[in-house]
Amino acid sequence: MGVRMERTKEAKAPGNPVDTLVGPGRDRSYRGKRRPGSFRGTGCALASAIAAGLANGLDVPESVAKARKMLLKWMDKAKTAKGPKNLHS
């Protein structure tokens, strides 16, 4: 089967994070706003949400877009907690 699309991220680079979805004729960039604080589990949460979208019949770009939106909501809710924000629980 092989890889048809790949998601890359620049989360650790200075400035706002950018995810790029690379595929045949469909490169897309998803820009975000850096959240203050320390978060754990964002990659796992995002990957799980993307997989859930695909399992529910969304195409890859739509699944990534919806998953990113959901992750940002979770991160914004977690900002109210003290200390490191863990999205695994």
Side-chain angles (χ1 to χ4, degrees):
M1 184 180 228
V3 175
R4 291 187 228 159
M5 300 195 97
E6 176 182 332
R7 186 186 67 86
T8 62
K9 66 178 188 167
E10 298 176 20
K12 306 246 187 248
N16 288 326
V18 178
D19 286 353
T20 304
L21 186 61
V22 179
R26 312 195 250 182
D27 294 0
R28 295 183 186 205
S29 291
Y30 302 88
R31 300 189 181 284
K33 180 181 173 194
R34 188 159 311 277
R35 289 353 193 223
S38 173
F39 292 89
R40 297 199 52 203
T42 56
C44 293
L46 182 60
S48 296
I50 292 170
L54 294 172
N56 281 296
L58 299 180
D59 66 8
V60 175
E62 186 177 8
S63 184
V64 170
K66 284 191 168 205
R68 282 181 45 81
K69 220 181 243 190
M70 198 176 313
L71 177 66
L72 296 176
K73 278 185 186 178
W74 294 336
M75 289 173 73
D76 287 340
K77 284 183 180 181
K79 281 196 302 190
T80 58
K82 292 184 181 181
K85 285 66 169 178
N86 189 347
L87 299 180
H88 283 150
S89 39

> Sub-3.5 Å donor-acceptor pair from the side chain of Arg34 to the main-chain atoms of Gly32, do we have one?
Replying inline: no

>> Are Leu46 and Leu58 linked, directly or through intermediate hydrophobic residues, by side-chain heavy-atom contacts shorter than 4.5 Å (ILVMFWY only)?
In response: no

> Ignoring hydrogens and geometry, is there a side-chain-to-backbone donor-acceptor pair from Ser63 to Ile50 under 3.5 Å?
Replying inline: yes

> Atom CZ in Arg31, atom CG in Asn16: separation rounded to 0.5 Å?
Replying inline: 9.0 Å

> Does anything in residues 60-75 pair up under salt bridge (Lys or Arg N to Asp or Glu O under 4.0 Å), and if so which pairs, sequence neighbours excluded?
Replying inline: Asp19-Arg68

> Pro61 and Leu21: which non-hydrogen atoms are nearest, and at how many Å?
Replying inline: CA-CD2, 3.7 Å

